[in-house]
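Atoms considered below: every heavy atom in the structure, side chains included; atoms not considered: hydrogens, waters and symmetry mates.
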Amino acid sequence: MILAEVHLLESRVYRGIGNLAKAKSSLTSARTAAISIYCPPQLQAALDLQSGILHAEDKDYTMAYSYFYETFENLSSQDGPSALGALKYILLCKVMLNLPEDVNALLSIKLALKYVQLRDVECMRAVARAHHCSRVAFEQTLCDYREELSSDPTIRRQDVEATGLSQMILDKVFHGVLVQGRGCLVVFDEAETDDTYGAAIETLEEVSKVVDSLYAKLVKIA
């Protein structure tokens, strides 16, 4: 068990310094070590939580959600103190999957009810509400819940990334769509300007002027 915990700690350290390849490798070693012995529920939950975090780093929010949910169920049944963190990550995944409307439904399940009134959970609710609103609304949410959002590197990283890319699209810095469920950004070639329509309108306006002029001359002759 000690070996599994050491490898898990390595994975967390590597993830913290941004070396995801080694973080994944250490996590695999931790799981291998855990399989060879009796793995206590708390350790299994910690392994699942780290798996979810690494999947979130890879933008695979569907798989991350599955691991976070497993962790939450495991820890909630034991009244584990880390259950709240797992719940926050579950809600974060729904936001990143562009499914913020699922947040309230998740918070209505039996295991989540005792956390509903906590500010950490209300924080994620606010993020979900602001997700499809203006940048101003999102920044106001970040300001209102600064401590809750900035203190957790996983939540902070995902929120900043989603906000930044979405705003670049809205500002037309580039043309594209953010496909968060697949963890990718689809960028389109900028459309070439077609002057045909404008030229046609100008031609019609000139023709209209000529017709009006001819009509005026006919009226005078008559």
Side-chain angles (χ1 to χ4, degrees), residues 4-5 8-9 11-12 15-16 23 27 30-31 34 39-134 137-163 166 180-181 183:
E5 292 176 340
L8 176 58
L9 179 59
S11 179
R12 290 169 174 166
R15 182 255 177 173
L27 180 60
R31 286 194 175 280
C39 185
Q42 287 284 351
L43 178 57
Q44 184 60 56
L47 292 170
D48 287 341
L49 184 65
Q50 182 68 1
S51 294
I53 289 172
L54 294 182
H55 278 291
E57 293 283 6
D58 281 338
K59 312 299 179 293
D60 185 355
Y61 299 111
T62 301
M63 187 62 73
Y65 173 85
S66 298
Y67 276 113
F68 291 143
Y69 200 92
E70 286 283 336
T71 303
F72 178 62
E73 283 190 321
N74 191 337
L75 294 175
S76 294
S77 63
Q78 307 169 56
D79 289 325
S82 300
L84 176 59
L87 177 59
K88 288 170 61 179
Y89 292 161
I90 288 173
L91 303 180
L92 173 67
C93 284
K94 283 299 184 180
V95 173
M96 299 306 290
L97 286 166
N98 279 323
L99 296 171
E101 63 276 6
D102 288 355
V103 166
N104 285 332
L106 281 168
L107 291 175
S108 67
I109 65 175
K110 185 177 180 180
L111 289 176
L113 290 177
K114 62 181 178 182
Y115 302 101
V116 169
Q117 302 301 323
L118 299 180
R119 184 171 171 81
D120 283 290
V121 173
E122 180 53 38
C123 160
M124 298 311 299
R125 259 211 201 110
V127 170
R129 286 194 298 267
H131 184 63
H132 289 314
C133 296
S134 66
F138 201 95
E139 288 182 343
Q140 184 60 50
T141 300
L142 296 181
C143 180
D144 292 342
Y145 297 93
R146 180 178 303 169
E147 182 177 347
E148 291 79 6
L149 294 172
S150 63
S151 62
D152 189 311
T154 299
I155 292 177
R156 181 177 66 245
R157 190 171 306 171
Q158 302 303 328
D159 282 345
V160 169
E161 179 172 310
T163 308
S166 298
Q180 303 207 37

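For the atom pair CG (D120) and NZ (K88), the distance works out to 4.0 Å, reported to the nearest 0.5 Å. Rounding to the nearest 0.5 Å places CD of E147 at 10.5 Å from SG of C123. Here the CD-CD1 distance, from E73 to I109, works out to 7.5 Å after rounding to the nearest 0.5 Å. Here the SG-CG distance, from C93 to D102, works out to 12.0 Å after rounding to the nearest 0.5 Å. Taking OG1 of T71 as the reference point, atom CD of Q50 lies at 10.5 Å (rounded to 0.5 Å). Note that OG of S11 and CG of L54 are 5.0 Å apart. Values are rounded to the nearest 0.5 Å.
Side-chain contact check for R129 versus E101: every heavy-atom pair is 4.5 Å or farther apart. Side-chain atoms of L43 and L8, non-hydrogen and from C-beta on, do get closer than 4.5 Å to each other. Contact of the L87 side chain with the L107 side chain is registered, since non-hydrogen atoms from C-beta on lie closer than 4.5 Å. The shortest side-chain heavy-atom distance between S66 and H55 does not fall under the 4.5 Å cut-off. Under the 4.5 Å side-chain criterion, counting only non-hydrogen atoms from C-beta, L75 is not in contact with L49. Residues L84 and V121 have side chains in contact (heavy-atom distance under 4.5 Å, counting atoms from C-beta outward). Contact check for V116 versus R125: side-chain heavy atoms found under the 4.5 Å cut-off. Counting heavy atoms from C-beta on, the side chains of I155 and M124 come closer than 4.5 Å.
Counting only distance, with no hydrogens or angles, the side chain of Q78 and the backbone of N74 share a donor-acceptor pair below 3.5 Å. With K59 contributing its side chain and E57 its backbone, the two residues share a donor-acceptor pair below 3.5 Å. Looking only at distances, a side-chain donor or acceptor of S108 sits under 3.5 Å from a matching main-chain atom of A105.
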Using side chain to side chain donor-acceptor pair (under 3.5 Å), reason through R15 and T154 one step at a time and then give a plain yes or no. CA-CA 10 Å; R15 182 255 177 173; T154 299; 2.6 Å; yes
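Using cut-offs of 30° and 60° on the angle between ring planes, the pair Y89 and F68 is tilted. Taking the six-membered ring for Trp and thresholds of 30 and 60 degrees, Y69 and Y65 have ring planes inclined between 30 and 60 degrees apart.
Annotation for A4 and A34: closest pair CB-N, 4.0 Å, computed over non-hydrogen atoms. Listed here is the closest heavy atom pair of G52 and A64: O-CB, 3.3 Å. Annotation for Y145 and A126: closest pair CE1-CB, 3.5 Å, computed over non-hydrogen atoms. The two residues E148 and R119 come nearest to each other via the heavy atoms OE2-NE, 2.6 Å. Contact between V103 and A128 at its shortest, heavy atoms only, is CG2-CB, 3.7 Å. Minimum heavy-atom separation, L111 to F72: O-CZ, 3.6 Å.
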